[in-house]
Amino acid sequence: MTRTPLIAGNWKMNLDHQQAIALIQKIAWTLSDADFDYEAVEVVVTPPFTDLRSAQTLIDAEGFKIVLGAQDLSDNDSGAFTGDISGEFLSRLNCQYVLVGHSERRTIHGEDDEKVRLKIQAAIRHNLIPILCVGETLEQRNSGQMDLSVKQTLAALEGVNLENLVVAYEPVWAIGTGEVASAEQAEEVISMIRKGLAESKGAEFADKTRILYGGSVKANNVASFMKMPNIDGVLVGGASLDSEEFANIARYREHIGV
Ligand code: PEP
């Protein structure tokens, strides 16, 4: 089974709709100048909700191959949920992916495994591919809870039937800190996640599911992760806001001579 590598940018709460247009244009132009092969590597950006319509219009009008995703969704589809965003609206804006259970949602917004599971189900209802984020804190790592990401993954998928999933292993201590997990550390956890998926959802599902690493990824360290057999891509926060840097991350194959 060949899994298409996925390079995803999580913009978090940065850039308004005009800045979003400028950044997407710059990424697309930089990649097209470099004859980037989007069939070989999928490139996704997840701007804030208020940018999505402008981003969609631009991508459509220019025929860019950058794929749109969102950073979160409601577990409900419509109704009295002030401030929430339905997966239906995201689908209508041609979002193909949605981040679910990012550590900032878990810690700042108190989302637990149950909430994450409901959001995964909402994503499925609206044909969005969930990018399920999991990962341990430094405290949890130091107390030997190396299988926490496996537990979070399985809890989010309990009783859920799905065809398409991306998992992002993001050790919380490596997010936005400049502290990077080694490629070997990331590979170890990611291979445990794949094993857990095989046991609970079957070998075929585990084999086709892309599992990303996230946490202080930059152009100068992406290749070490992408060389690992179980790491299928990266989820990039801070570095995804810089067009040159993000384009260089997406071009990782040139760094490893593929
Ligand atoms: C993230 O927030 O998903 C992330 C990986 O952030 P950063 O790359 O800035 O560590």
Side-chain angles (χ1 to χ4, degrees), residues 5-15 19-20 23 27 41-49 51-52 66-73 95-111 116 119-120 123 128-138 140-141 148-149 152-153 156 165-183 185-187 189-190 193 210-226 228 230-252 255:
L6 174 61
I7 307 296
N10 172 14
W11 293 7
K12 311 193 186 197
M13 197 172 72
N14 292 296
L15 309 185
Q19 294 167 319
L23 180 56
I27 296 167
V41 179
E42 195 174 1
V43 179
V44 173
V45 293
T46 65
F49 291 134
D51 299 356
L52 289 173
I66 293 171
V67 175
L68 213 46
Q71 295 174 22
D72 183 36
L73 82 171
C95 285
Q96 291 182 33
Y97 291 89
V98 62
L99 301 180
V100 179
H102 190 277
S103 68
E104 286 149 21
R105 301 292 317 172
R106 292 180 193 257
T107 53
I108 304 168
H109 298 272
E111 293 185 7
V116 171
K119 289 190 172 196
I120 295 266
L128 297 161
I129 300 174
I131 302 180
L132 166 63
C133 302
V134 295
E136 79 287 350
T137 62
L138 194 54
Q140 288 162 331
R141 167 169 281 259
L148 187 91
S149 297
Q152 285 178 330
T153 303
L165 172 73
V166 175
V167 179
Y169 167 56
E170 300 205 301
V172 179
W173 47 273
I175 296 180
T177 57
E179 187 93 24
V180 195
S182 72
Q185 282 171 327
E187 170 70 13
V189 176
I190 285 175
I193 296 172
R210 287 173 295 175
I211 311 183
L212 320 181
Y213 166 74
S216 298
V217 171
K218 305 266 182 307
N220 65 12
N221 60 26
V222 61
S224 64
F225 296 104
M226 297 307 293
M228 292 291 159
N230 280 289
I231 303 183
D232 306 313
V234 286
L235 180 55
V236 186
S240 70
L241 299 171
D242 179 320
S243 58
E244 281 293 326
E245 185 74 11
F246 187 62
N248 281 334
I249 292 172
R251 293 170 63 194
Y252 75 89
H255 319 189

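Ligands are counted one by one from 1 in listed order, and the atoms in each one are counted from 1 as well. Just so you know, these numbers come straight off a predicted model, no measurement behind them.
- For the atom pair CD1 of Ile129 and CG of Leu165, the computed distance is 9.0 Å after rounding to the nearest 0.5 Å.
- Judged by distance alone, with hydrogens and angles left aside, the side-chain atoms of Glu170 form no donor-acceptor pair with the main-chain N or O of Gly135 at under 3.5 Å.
- Side-chain atoms of Tyr97 and Glu42, non-hydrogen and from C-beta on, do get closer than 4.5 Å to each other.
- With hydrogens and angles ignored, the 3.5 Å screen pairs a side-chain donor or acceptor of Asp232 with a backbone N or O of Ile211.
- With sequence neighbours excluded, no residue satisfies ring pair (Phe, Tyr, Trp, His ring centres under 6.0 Å) with Phe246.
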Under 3.5 Å: N or O atoms of ligand 1 paired with protein N or O:
from, atom 1, to, atom 2, distance (Å)
ligand 1, 2 (O), Lys12, NZ, 2.5
ligand 1, 2 (O), His102, NE2, 2.9
ligand 1, 3 (O), His102, NE2, 2.9
ligand 1, 3 (O), Glu170, OE1, 3.1
ligand 1, 3 (O), Glu170, OE2, 2.7
ligand 1, 8 (O), Ser216, N, 3.4
ligand 1, 8 (O), Gly237, N, 2.8
ligand 1, 9 (O), Gly238, N, 2.9
ligand 1, 10 (O), Gly176, N, 2.6
ligand 1, 10 (O), Ser216, N, 2.8

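- Leu128 and Cys95 make their closest contact through CD2-O, 3.2 Å (heavy atoms, listed as atom of the first residue, atom of the second, distance).
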